[in-house]
Amino acid sequence: KFFAKGSNMKKLVCTFLVGMMLFFLTACLIRPINRDNIPPDTFYSQELGVGVRLDMNKKTVDEICGEPERDGDFYVYDGNLYVRYYEGKVSFMATTTMNDSWLIQAGVTANHYLNEITEMIGDPPFIDEQGAYVYFYNSRGKLAKNVGDVSYALIIAPLSYGVNYIEIL
C-alpha cells in the first residue's frame, strides 16, 4: 500500500534518497584546508589555522587573516604573507625569508633547505638563471606537462643557507 500504483510516495522517497546521496558526496569532496592537505596554489598558516589560495577574494582573505598592513603594492598579513590582488582576487603571494609560520604543499616553509624541498615535493621541472626552483601547475593542481596547460607557478628562490622566499603566482 505504501508504494501503491499511482502513488507519488515512490517518487518522493527516490528524490529524497538521491538528494541525501548528493549531500553526503559533496560533504566528502569538500575538505577544509589543513596542514595535511595543502593544495599547490595555497599558503597555510599554522598559527591562524587557515589557508589563502590564488583567486580568493580580498574580503574573504581579510576575514580569515585579519586586517592587513600595506607595503607598496602588497597587503601584508600576519607580518609574513605578502599578497597582491588583481580585480579583487589574489593573484600573487609570497613569504619572507626564514619564516616558518606559512606553509605550502607537503609542509614546506621558507626555513627548509633546497635538498629537503626536493625530498618533500620532488625535483623542479625548471631552475631559472638565479637558481630558483620553478614548478608549473595546471588548473587541477597537477604539474603542467605543456606550456598551454600552465595556470600558475610555485617559485622557491634559494640562498646559500636556505630559502630566500617562496611565491605563488
Side-chain angles (χ1 to χ4, degrees), residues 29-66 68-169:
L29 292 176
I30 299 175
R31 298 181 327 195
I33 298 169
N34 61 44
R35 186 178 179 17
D36 299 322
N37 69 349
I38 304 169
D41 68 343
T42 304
F43 275 101
Y44 176 78
S45 170
Q46 297 184 96
E47 295 171 14
L48 300 174
V50 297
V52 177
R53 298 183 82 156
L54 286 177
D55 290 329
M56 267 184 145
N57 68 51
K58 185 177 183 314
K59 181 181 177 191
T60 302
V61 177
D62 289 350
E63 287 172 0
I64 63 175
C65 293
E69 296 175 21
R70 286 300 301 260
D71 185 357
D73 291 342
F74 296 97
Y75 291 85
V76 184
Y77 295 92
D78 192 36
N80 292 308
L81 183 66
Y82 290 76
V83 177
R84 187 180 299 143
Y85 293 94
Y86 178 73
E87 296 182 353
K89 295 191 177 213
V90 175
S91 62
F92 172 94
M93 298 179 287
T95 60
T96 56
T97 302
M98 302 309 284
N99 162 38
D100 67 353
S101 63
W102 288 91
L103 305 132
I104 60 169
Q105 62 182 320
V108 171
T109 70
N111 284 339
H112 285 101
Y113 290 95
L114 291 176
N115 63 334
E116 295 173 312
I117 292 169
T118 56
E119 289 174 17
M120 297 167 86
I121 62 175
D123 290 325
F126 181 76
I127 299 175
D128 76 8
E129 61 276 356
Q130 284 87 33
Y133 286 19
V134 182
Y135 299 83
F136 296 106
Y137 291 91
N138 62 29
S139 61
R140 295 176 309 284
K142 306 291 183 199
L143 284 173
K145 299 197 186 303
N146 303 310
V147 174
D149 294 336
V150 175
S151 288
Y152 58 93
L154 165 66
I155 301 171
I156 303 172
L159 291 176
S160 58
Y161 56 83
V163 174
N164 182 21
Y165 65 87
I166 299 173
E167 62 185 29
I168 300 173
L169 62 144

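- For the pair Ile64/Leu48, no side-chain contact is recorded, criterion being any heavy-atom separation below 4.5 Å from C-beta on.
- Once rounded to the nearest 0.5 Å, the distance linking CZ of Arg70 with OH of Tyr75 reads 3.5 Å.
- For the atom pair CG of Asp78 and OG1 of Thr95, the computed distance is 11.5 Å after rounding to the nearest 0.5 Å.
- A donor-acceptor pair is defined here as one N or O able to donate and one able to accept, closer than 3.5 Å; such a pair exists between the side chain of Tyr135 and the backbone of Gly122.
- Under the 3.5 Å distance criterion, the side-chain polar atoms of Asn146 are left unmatched by any main-chain donor or acceptor of Gly148.
- Of the listed residues (Ile127, Leu114, Ile117), just one forms a side-chain contact (heavy atoms from CB on, under 4.5 Å) with Pro158, and that residue is Leu114.
- Within 6.0 Å of the CD atom in Glu69, the count of heavy atoms belonging to other residues, nucleotides or ligands does not exceed 12.
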Quiz item: Stepwise, does the side-chain contact (heavy atoms from CB on, under 4.5 Å) test hold for Ile104 with Phe43?
Solution: CA-CA 5 Å; Ile104 60 169; Phe43 275 101; 3.4 Å; yes
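- Annotation for Met56 and Gly51: closest pair CE-O, 3.6 Å, computed over non-hydrogen atoms.
- Separation of atoms NE2 (His112) and CD1 (Ile156) is listed at 10.5 Å; rounding is to 0.5 Å.
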Quiz prompt | Full working for side chain to side chain donor-acceptor pair (under 3.5 Å) between Tyr77 and Asp62 | solution = CA-CA 8 Å; Tyr77 295 92; Asp62 289 350; 2.5 Å; yes
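- When all heavy atoms are compared, the tightest approach of Glu116 to Asn111 is OE1-O, 4.4 Å.
- The minimum heavy-atom distance linking Leu54 with Met93 is given by the pair N-CE, 3.8 Å.
- With sequence neighbours left out, the side-chain hydrogen bond (donor to acceptor under 3.5 Å, both in side chains) criterion links Gln105 to Tyr137.
- When all heavy atoms are compared, the tightest approach of Pro40 to Gly141 is CG-O, 3.4 Å.
- Residues Pro124 and Thr118 meet the side-chain proximity criterion, which asks for heavy atoms closer than 4.5 Å.
- Residues passing the side-chain contact (heavy atoms from CB on, under 4.5 Å) test with Phe92, sequence neighbours excluded: Phe74, Arg84, Ala94, Glu167, Leu169.
- Atom-to-atom distance recorded for Thr42:OG1 and Trp102:CH2 is 10.5 Å, nearest 0.5 angstrom.
- Heavy atoms only, all atoms of each residue included: Leu103 and Gly107 are closest at CD2-O, 3.2 Å.
- Expressed to the nearest 0.5 Å, how far CD1 of Ile155 lies from CZ of Phe126 amounts to 9.5 Å.
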Practice problem: Kindly determine whether Asp41 and Arg53 satisfy salt bridge (charged side-chain N to carboxylate O under 4.0 Å, His left out), including the steps that lead there. | Solution: CA-CA 6 Å; Asp41 68 343; Arg53 298 183 82 156; 3.1 Å; yes
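- Closest approach of Lys89 and Asp55 over heavy atoms only: CD-O, 3.5 Å.
- Atom-to-atom distance recorded for Lys58:NZ and Cys65:SG is 10.5 Å, nearest 0.5 angstrom.
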